Peer 1: 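Here you go, one structure.
Atoms considered below: every heavy atom in the structure, side chains included; atoms not considered: hydrogens, waters and symmetry mates. Here the structure is a predicted model, which means the values were calculated and not measured.
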Amino acid sequence: LSPIVELNVGGEIYTTTLSTLKKHPGSKLAEMFTGQPKLRTDSEGRFFIDRPGTYFKYILEYLRSNQVPTQCIQDVYKEALFYDIEPLIKQLEDSPQIFGELMARKQFLARVPNYTENIELMIRIARAEAVASRRSSVIVCVVRTEEDAARCQDALNSLDTDKKSVVKFGPWKAAPNISDLLDCIQMDVEAKGYKISFQPHVAEKGFRFKSHDFFYKFLFTWW
């Protein structure tokens, strides 16, 4: 291999040295250029990597000068994981953005039973009700404790909606409260490209409990 290497990363063209690419011998990136290159080439003979080229410049800058990026942290972290550059991965995980996501938010959500499945269920219900409509809504029941879960079940029996369409979150054992969980739900649904808002669900008169103790209406806006 020539000591000077031209790369086509997702359509972005980069020129660097072989020694830079192989700086961390245990990485996937180094393995790509160890021995016989394990990469295809484009029409100009440049080695082709089918990854987002926009963020490769941050990977390359780190390999050249050990400079940890301060922009696009989440996206660069994904690329560092793909290329398996362990020192960069560890330094990015110490950044406030990645640390907060991995060690705080995701650790909390891991303690909320069926959280990911419930997000997908919410989306399926909202899409099913979106036919010929501008908006559709999903009723969510949020309970933090086992005691609240029992009270919620009693309240659910009196709720003025189809009980099968109510998505239940909780209970959980962690410091964040119901408001924090509601914010997480909104954040993760919006991350999938949906426009969403929520408010306490107000039941009809005669309801035996204050419905906003447990129930919230998430509103999906389609256009």
Peer 1: I178 versus F214: any side-chain heavy-atom pair under 4.5 Å?
Peer 2: no
Peer 1: CD of Q97 to SG of C72: how many Å apart, nearest 0.5 Å?
Peer 2: 10.5 Å
Peer 1: Compare every heavy atom of A80 with every heavy atom of L88, then report the nearest pair and how far apart it is.
Peer 2: CD2-CB, 3.9 Å
Peer 1: What pair of heavy atoms forms the shortest contact from I125 to S165, and how long is it?
Peer 2: CD1-O, 3.6 Å
Peer 1: Is K57 positioned over the aromatic face of Y14, cation under 6.0 angstrom from the ring centre and no more than 45 degrees off axis?
Peer 2: no
Peer 1: Atom CZ in R127, atom CZ in R124: separation rounded to 0.5 Å?
Peer 2: 11.0 Å
Peer 1: Assess whether side-chain contact (heavy atoms from CB on, under 4.5 Å) is satisfied between M32 and L21, documenting all intermediate values.
Peer 2: CA-CA 9 Å; M32 291 177 180; L21 296 172; over 6 Å; no
Peer 1: Just to verify, what does K90 make a side-chain hydrogen bond (donor to acceptor under 3.5 Å, both in side chains) with, not counting sequence neighbours?
Peer 2: none
Peer 1: Using a 3.5 Å distance criterion without hydrogens, assess whether the side chain of W172 forms a donor-acceptor pair with backbone atoms of A110.
Peer 2: no
Peer 1: Is the closest side-chain heavy-atom distance between T41 and R46 below 4.5 Å?
Peer 2: no
Peer 1: How far apart are the C-alpha atoms of H24 and L29, what are their side-chain angles, what is the distance that settles it, and do they pass the side-chain contact (heavy atoms from CB on, under 4.5 Å) test?
Peer 2: CA-CA 8 Å; H24 298 285; L29 184 62; over 6 Å; no
Peer 1: Measure the spacing between CD1 of I119 and NZ of K192 and express it to the nearest 0.5 Å.
Peer 2: 8.0 Å
Peer 1: Only counting residues at least two apart or in another chain, list the ones meeting ring-ring contact (aromatic ring centres under 6.0 Å, His included) with Y62.
Peer 2: none
Peer 1: For Y77, which residues count as a ring-ring contact (aromatic ring centres under 6.0 Å, His included) partner, sequence neighbours excluded?
Peer 2: none
Peer 1: Does a sphere of radius 6.0 Å around CZ in R40 hold more than 12 heavy atoms from other residues, nucleotides or ligands, not counting ones at 6.0 Å or beyond?
Peer 2: no
Peer 1: Which residues satisfy the disulfide (SG to SG under 2.5 Å) test with C184, sequence neighbours excluded?
Peer 2: none
Peer 1: Going hydrophobic residue to hydrophobic residue with side-chain gaps under 4.5 angstrom, can you get from L219 over to V131?
Peer 2: no
Peer 1: Suppose we screen for ring-ring contact (aromatic ring centres under 6.0 Å, His included). Which residues come up paired with Y58, at least two apart in sequence or across chains?
Peer 2: none
Peer 1: Look at the side-chain heavy atoms of Ile, Leu, Val, Met, Phe, Trp and Tyr, link any pair under 4.5 Å apart, and say whether L102 and L92 land in one connected group.
Peer 2: yes
Peer 1: Treat each ILVMFWY residue as a node, draw an edge where side-chain heavy atoms are under 4.5 Å apart, and state whether V138 and I123 are in one component.
Peer 2: yes
Peer 1: Is the backbone N or O of N177 less than 3.5 Å from a side-chain atom of D180, with the two atoms forming a donor-acceptor pair by type?
Peer 2: yes
Peer 1: Measure the shortest side-chain to side-chain distance between D188 and L109 over non-hydrogen atoms and say whether it is less than 4.5 angstrom.
Peer 2: yes
Peer 1: Taking everything shown except E117 itself, do over 12 heavy atoms lie less than 6.0 Å from its CD?
Peer 2: yes
Peer 1: If you look only at pairs with a residue in residues 112-141, which of them pass as a ring pair (Phe, Tyr, Trp, His ring centres under 6.0 Å), with sequence neighbours excluded?
Peer 2: Y115-F169
Peer 1: Would you indicate whether the side-chain heavy atoms of P87 and N66 approach each other to under 4.5 Å?
Peer 2: no
Peer 1: Is a donor on one side and an acceptor on the other found under 3.5 Å between the side chain of N114 and the backbone of N118?
Peer 2: no
Peer 1: Looking at K23 and L63, would you say the former's side chain and the latter's main chain have a donor-acceptor pair under 3.5 Å?
Peer 2: yes
Peer 1: D75: which residues meet the salt bridge (charged side-chain N to carboxylate O under 4.0 Å, His left out) condition with it, sequence neighbours left out?
Peer 2: none
Peer 1: Got a sec, which residues hit salt bridge (charged side-chain N to carboxylate O under 4.0 Å, His left out) with E101, two or more places apart in sequence or on another chain?
Peer 2: R105
Peer 1: With sequence neighbours left out, write down each residue that passes ring-ring contact (aromatic ring centres under 6.0 Å, His included) with Y55, or none if nothing qualifies.
Peer 2: none
Peer 1: Do M187 and I73 land in one hydrophobic cluster if side-chain heavy atoms of ILVMFWY residues count as linked below 4.5 Å?
Peer 2: no
Peer 1: Which distance, rounded to the nearest 0.5 Å, do you find between the OH of Y216 and the CD1 of I139?
Peer 2: 12.0 Å
Peer 1: Could I get the full list of side-chain hydrogen bond (donor to acceptor under 3.5 Å, both in side chains) partners for S136, not counting sequence neighbours?
Peer 2: W222
Peer 1: Measure the spacing between CZ of F220 and CD1 of I196 and express it to the nearest 0.5 Å.
Peer 2: 3.5 Å
Peer 1: Could you go through the side-chain contact (heavy atoms from CB on, under 4.5 Å) check for M122 and I185 one step at a time?
Peer 2: CA-CA 10 Å; M122 284 180 62; I185 294 171; 3.8 Å; yes
Peer 1: Does any N or O in the side chain of R111 come within less than 3.5 Å of the main-chain N or O of P171, such that one atom is a donor and the other an acceptor?
Peer 2: no
Peer 1: Check side-chain hydrogen bond (donor to acceptor under 3.5 Å, both in side chains) between T221 and all other residues, then give those that pass, not counting sequence neighbours.
Peer 2: none
Peer 1: For the atom pair CD1 (I49) and CZ (F56), what is the distance rounded to the nearest 0.5 Å?
Peer 2: 5.0 Å
Peer 1: List the atom of E129, the atom of S137, and the distance in Å for their closest heavy-atom pair.
Peer 2: OE1-O, 3.0 Å
Peer 1: Checking V5 against T17 for the side-chain contact (heavy atoms from CB on, under 4.5 Å) test, could you report, in this order, the C-alpha distance in whole Å, the side-chain angles of both residues, the deciding distance, and whether it holds?
Peer 2: CA-CA 5 Å; V5 180; T17 65; over 6 Å; no
Peer 1: Quick one: side-chain hydrogen bond (donor to acceptor under 3.5 Å, both in side chains) partners of E190, sequence neighbours excluded?
Peer 2: Q186
Peer 1: Would you please say whether a donor-acceptor pair under 3.5 Å links the side chains of S95 and Q91?
Peer 2: no
Peer 1: Take a 6.0 Å sphere around NZ of K78 and say whether it holds more than 12 heavy atoms from other residues, nucleotides or ligands.
Peer 2: no
Peer 1: Check the surroundings of atom CD in E146: do more than 12 heavy atoms from other residues, nucleotides or ligands lie under 6.0 Å from it?
Peer 2: no
Peer 1: How close do K168 and V143 get, counting heavy atoms only, and between which atoms?
Peer 2: CE-CG2, 3.8 Å
Peer 1: For D84 and G26, work out which heavy atoms get closest and say how close.
Peer 2: OD2-O, 3.9 Å
Peer 1: Short question: side chain of T20, backbone of L18 - any donor-acceptor pair under 3.5 Å?
Peer 2: no
Peer 1: Are L81 and Y83 connected into the same hydrophobic cluster when the rule is that any two of I, L, V, M, F, W, Y join if their side-chain heavy atoms are below 4.5 Å apart?
Peer 2: yes
